[in-house]
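Working notes for the structure below.
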Amino acid sequence: MFSSLMPQRREFFELLAAHSEQVVAGANATLRLINGLGDAGADLSALVAEVNQHEQQGDQIKAKVIGRLHQSFTTPINRDQIHALITDLDTTLNVLQSVANAVGMYSITQSTVEAREMASLSADACMRLDRAVAALGDKNRGAQTLNLCKEIEDIESKADKVQHKAITALFQEGANVWQTMKMKEFYSLQEAVLDSCQEAAKMIEEILIENS
């Protein structure tokens, strides 16, 4: 009877995967939001609400993971690594929420080529992160998972270059000071999404190496 009350070891992997699915959904909604800027037919407020909803669902899953960690005597992988990974995933979703909310906060009504590219890179990295998390419990897919983590790092590096190009363009002669300030912050938030994905990928790599 006592053992039936213990969280199943597989449940940790399932909860992590459920959270990473929310990350992907939030990234895709953010991509649609940024691509919709300047489009009179786009329902931007609905897209912002969608991102916020995914963030809230992610918070609920994170709370469940933390609760399960406190209830469990044993875990399928190091409990500190589970805590670190769910925190990295949650941070990614939190930053996506910040990007979405910044559209209204900074009154951003038009997109840029760089903003759209960074949003696309973010969605791409989050998709790969989701696939890596989903495969985490399968030791036979270790090489595939490590490759996904490497791809995330490559995407983050590419996003760094896009951000550098975008910010350089902002400071051209005759630029509007307020526009420059708000877009610089906006690009930084977008880059933070990629940074969080990379941190999660590094934790997955650490987990795989330790448990190989």
Side-chain angles (χ1 to χ4, degrees), residues 10-39 41-69 82-109 111 115-137 145 148-149 151-152 155-156 159 163 185-204:
R10 185 70 199 172
E11 186 179 11
F12 285 106
F13 293 121
E14 292 171 350
L15 288 170
L16 288 167
H19 195 295
S20 68
E21 288 173 2
Q22 295 301 320
V23 172
V24 171
N28 288 337
T30 303
L31 174 60
R32 298 199 309 274
L33 170 65
I34 293 174
N35 284 342
L37 291 171
D39 181 355
D43 191 346
L44 302 183
S45 60
L47 289 169
V48 172
E50 184 178 335
V51 177
N52 287 328
Q53 181 181 23
H54 290 304
E55 191 279 333
Q56 291 165 10
Q57 291 173 340
D59 280 345
Q60 293 172 9
I61 296 170
K62 179 186 177 183
K64 189 174 290 187
V65 170
I66 302 302
R68 294 294 187 270
L69 285 174
I82 294 174
H83 188 280
L85 181 54
I86 194 65
T87 298
D88 288 338
L89 292 172
D90 199 56
T91 297
T92 304
L93 202 42
N94 288 342
V95 182
L96 284 165
Q97 181 186 42
S98 295
V99 171
N101 289 336
V103 170
M105 187 184 303
Y106 299 149
S107 299
I108 299 174
T109 58
S111 184
R116 291 191 294 273
E117 185 172 1
M118 290 186 71
S120 179
L121 289 170
S122 293
D124 200 5
C126 288
M127 179 270 291
R128 283 168 168 74
L129 180 60
D130 178 49
R131 288 168 57 191
V133 172
L136 193 56
T145 307
L148 287 166
C149 292
E151 290 175 359
I152 291 169
I155 292 170
E156 192 278 335
Q163 182 196 27
E185 178 62 21
F186 190 66
Y187 291 139
S188 295
L189 286 172
Q190 287 190 280
E191 174 59 25
V193 175
L194 276 302
D195 290 340
S196 296
C197 280
Q198 185 179 41
E199 287 302 311
K202 288 179 179 178
M203 179 49 60
I204 291 173

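Only this structure's heavy atoms are used, side chains among them; waters, hydrogens and symmetry mates stay out.
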From CA spacing to verdict: side-chain contact (heavy atoms from CB on, under 4.5 Å), Lys62, Thr87: CA-CA 8 Å; Lys62 179 186 177 183; Thr87 298; 4.3 Å; yes
Is there a side-chain contact (heavy atoms from CB on, under 4.5 Å) between Val133 and Val23 once you walk through the steps? CA-CA 11 Å; Val133 172; Val23 172; over 6 Å; no
For side-chain contact (heavy atoms from CB on, under 4.5 Å), just list the numbers for Leu93 and Gln22, CA-CA rounded to whole Å, side-chain angles, deciding distance to a tenth of an Å, and then say yes or no. CA-CA 8 Å; Leu93 202 42; Gln22 295 301 320; 4.0 Å; yes
Worked check of side-chain contact (heavy atoms from CB on, under 4.5 Å) between Gln60 and Lys64: CA-CA 6 Å; Gln60 293 172 9; Lys64 189 174 290 187; over 6 Å; no
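In this structure, Met127 CE and Ser20 OG are separated by 12.0 Å, a value rounded to the nearest 0.5 Å. Remark: Arg131 CZ to Leu148 CG distance equals 5.0 Å, nearest 0.5 Å. If you take CG on Asp124 and CE on Met118, they are separated by 13.5 Å, rounding to the nearest 0.5 Å. The distance from the CG atom of Leu96 to the CD atom of Gln190 is 10.0 Å, given to the nearest 0.5 Å. Here the straight-line distance linking atom CG of Leu136 with atom CZ of Phe12 works out to 13.0 Å at 0.5 Å rounding. How far CD of Glu55 is from CD of Gln53: 11.0 Å, rounded to the nearest 0.5 Å.
In terms of heavy atoms, Val99 sits closest to Phe186 at O-CE1, 3.5 Å. The two atoms that bring Leu189 and Ser98 nearest to each other are CD1-O, 3.9 Å, heavy atoms only. Residues Asp130 and Ala17 share a closest heavy-atom pair of OD1-O, 3.9 Å. For the pair Asp59 and Asn94, the tightest heavy-atom approach, listed with the atom from each and the gap, is OD1-OD1, 4.3 Å. Nearest heavy-atom pair across Met203 and Ala84 is CE-CB, 3.7 Å. Among all heavy-atom pairs drawn from Ala200 and Leu129, the shortest one is CB-CD1, 3.7 Å.
Here the side chains of Ser122 and Cys197 are not in contact, with every heavy-atom distance at 4.5 Å or above. Using a 4.5 Å heavy-atom cutoff, the side chains of Leu194 and Gln198 are not in contact. Side-chain contact between Thr92 and Val193 is present, with heavy atoms from C-beta onward closer than 4.5 Å. At least one side-chain heavy atom of Arg68 sits less than 4.5 Å from a side-chain heavy atom of Leu15.
In this structure, Ser196 contributes its side chain and Ala192 its backbone to a donor-acceptor pair below 3.5 Å.
Between the side chains of Asn28 and Thr30, no donor-acceptor pair of N or O atoms lies under 3.5 Å.
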